Protein chains: 2
Amino acid sequence: MTDDRLSQVFSALADPTRRDIVARLAAGDATVNELAEPYDVTVQAVSKHIRVLEDAGLVSRSRDAQRRPCHLEAEVFDLMTKWIERYRREAEDRFRRLDAVLEQMDEQPMTGGPAKGAAS
Amino acid sequence: MTDDRLSQVFSALADPTRRDIVARLAAGDATVNELAEPYDVTVQAVSKHIRVLEDAGLVSRSRDAQRRPCHLEAEVFDLMTKWIERYRREAEDRFRRLDAVLEQMDEQPMTGGPAKGAAS
DNA sequence: CACGTCTTCAACCAATTGGTTAAATACAAA
DNA sequence: TTTGTATTTAACCAATTGGTTGAAGACGTG
């Protein structure tokens with residue numbers, strides 16, 4: 001199921017600190033300590049946040065001595081945008097159709113068609 | 001802060017049931033009972049889910065006798081796509097720049113430039 | 001009014017989450 | 001080998017979450 005992956009990604013980005021980390025990684029790779037510096041939480045807490053981002057596939061890590069540089073994996077973003085765009089388009093199309101129906105009704109109002117349950 | 005709104009939206013969509021509800025509302029408005037029918041949880045649980053979507057600004061509701069039809073508010077999607085696209089673009093641009101640097105290095109390798117801290 | 005239907009509110013529960021401190025691990029340098 | 005730095009693991013805590021059951025509101029109909 002890609003479904004669970006979507007949940008992970010949305011959930012990961014639901015946290016402001018995590019979104020901020022992603023934003024900063026978009027500007028360049030960084031180590032855990034570097035990432036932790038601006039926040040007033042412990043480095044362990046940030047380590048956990050990074051773990052969540054990693055599990056969601058948003059971040060990957062390499063090794064440089066005792067450091068673990070974090071790298072943003074932007075491909076996962078596509079998963080979200082695809083989901084979002086699909087339903088936005090669907091909703092917009094429906095809106096357009098409804099608009100057309102209303103226009104139609106304006107020209108030719110209530111000419112004794114089917115009385116109930118016409119729209120699905 | 002629009003920041004908190006973003007958290008709400010991402011958090012709301014982090015749940016598969018809630019995403020499914022959004023997907024179905026994209027196809028047309030529906031009441032709480034109609035929405036609850038396919039799931040094997042109580043209608044109260046679904047009512048709570050809808051509340052979360054409503055608080056996030058993803059769903060609005062009208063009144064039709066004792067029914068409360070739910071309507072998808074697709075505009076909020078823009079908030080997410082804007083955030084996502086911004087950082088994806090940023091990451092891609094950075095990648096492109098890095099690529100250019102590597103190409104440059106391939107043509108003119110190590111001509112004794114600055115030794116340390118050149119890249120920011 | 002009494003009744004049935006649709007929906008929410010209240011109280012509760014188990015699991016998850018975001019944070020903490022303290023201890024362990026991984027590695028470079030002295 | 002000891003020391004220092006970067007990071008993770010473990011155990012814990014309070015708050016939140018997704019679910020439950022049971023009762024209450026809101027509203028048309030008999």
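Each chain gets a letter, A, B and so on, in the order its sequence line appears, and its residues count up from 1. In this text the structure is predicted, and so the values were computed from the model without any measurement.
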Exercise. Think A:R61 has a side-chain N or O under 4.0 angstrom from the OP1 or OP2 of D:dT8?
Worked result: yes
Problem set entry | Exercise: do B:R88 and A:T81 side chains pair donor with acceptor under 3.5 Å | no
Seminar exercise, completed: When rounded to whole Å, the NZ to P distance for the pair B:K48 and C:dA10 reads 11 Å
For this session: Using atom CZ of A:R51 as one end and atom P of D:dT9 as the other, report the distance to the nearest whole Å.
Result: 6 Å
Seminar exercise, completed: Between A:V52 and B:T31, whichever has its closest DNA chain C nucleotide further toward 5' is B:T31
Problem set entry | Derivation and outcome, salt bridge (charged side-chain N to carboxylate O under 4.0 Å, His left out), residues A:D29 and A:R68 | CA-CA 10 Å; A:D29 295 3; A:R68 308 290 312 277; over 6 Å; no
Exercise. Going by heavy atoms in the side chains, are B:I50 and B:C70 under 4.5 Å from each other?
Worked result: yes
Exercise. Tell me, do A:L58 and A:L13 make a side-chain contact under 4.5 Å, heavy atoms counted?
Worked result: yes
For this session: Look at B:N33 and C:dT7 and indicate whether a side-chain polar atom (N or O) is within less than 4.0 Å of OP1 or OP2.
Result: yes
Exercise. Can you check the A:D15 CG to D:dT17 P distance for me, whole Å?
Worked result: 12 Å
Exercise. Once the angle between the rings of A:F10 and B:F10 is folded into 0 to 90°, is it parallel (under 30°), tilted (30 to 60°) or perpendicular (over 60°)?
Worked result: tilted
For this session: Measure from CD on A:Q66 to P on C:dA26 and round the result to the nearest Å.
Result: 13 Å
For this session: Please state whether the phosphate of C:dT7, meaning OP1 or OP2, lies under 4.0 angstrom from any side-chain nitrogen or oxygen of B:S47.
Result: no
Seminar exercise, completed: Sorted by chain and number, sequence neighbours left out, salt bridge (charged side-chain N to carboxylate O under 4.0 Å, His left out) with B:D20 holds for none
Exercise. With a 4.0 Å cut-off on heavy atoms, is B:R63 in touch with a base, just the backbone sugar-phosphate, or nothing at all?
Worked result: sugar-phosphate
Distances for protein N or O near nucleotides 21-23 of chain C N or O, under 3.5 Å:
unit_1 : atom_1 : unit_2 : atom_2 : d
C:dA22 : N6     : A:Q44  : NE2    : 2.7

Problem set entry | Whole-Å gap separating P (C:dT7) and CD (B:E34) | 8 Å
Exercise. For B:R68 and C:dC9, what is the distance between atoms CZ and C1' respectively, to the nearest whole Å?
Worked result: 14 Å
Problem set entry | Side chain of A:R67 - closest among D:dT7, C:dT7, C:dG18 | D:dT7
Problem set entry | Nucleotide C:dT17, atom C1' - distance to CD of A:Q8 in whole Å | 15 Å
For this session: Decide yes or no on side-chain contact (heavy atoms from CB on, under 4.5 Å) for B:D93 and B:E90, but give the supporting numbers first.
Result: CA-CA 5 Å; B:D93 287 356; B:E90 209 169 305; 5.9 Å; no
Exercise. How long is the line joining CD of B:E54 and P of C:dT7, in whole Å?
Worked result: 13 Å
Exercise. About how many Å separate CZ of A:R86 and NZ of A:K82, when rounded to the nearest 0.5 Å?
Worked result: 12.0 Å
For this session: Count the heavy atoms of every other residue, nucleotide or ligand shown that sit under 6.0 Å from CZ of A:F95, and state whether that count exceeds 12.
Result: no
Exercise. Applying the side-chain hydrogen bond (donor to acceptor under 3.5 Å, both in side chains) test to B:S60, which of B:H71, B:E54, B:E73 qualifies?
Worked result: B:E73
Seminar exercise, completed: Ranking D:dC27, C:dG19, D:dG18 by distance to the side chain of A:H49, first place goes to C:dG19
Exercise. Could you give the angle between the helix axes at the two ends of the helix from C:dC1-D:dG30 to C:dA30-D:dT1, with five pairs per end, rounded to 10 degrees?
Worked result: 0°
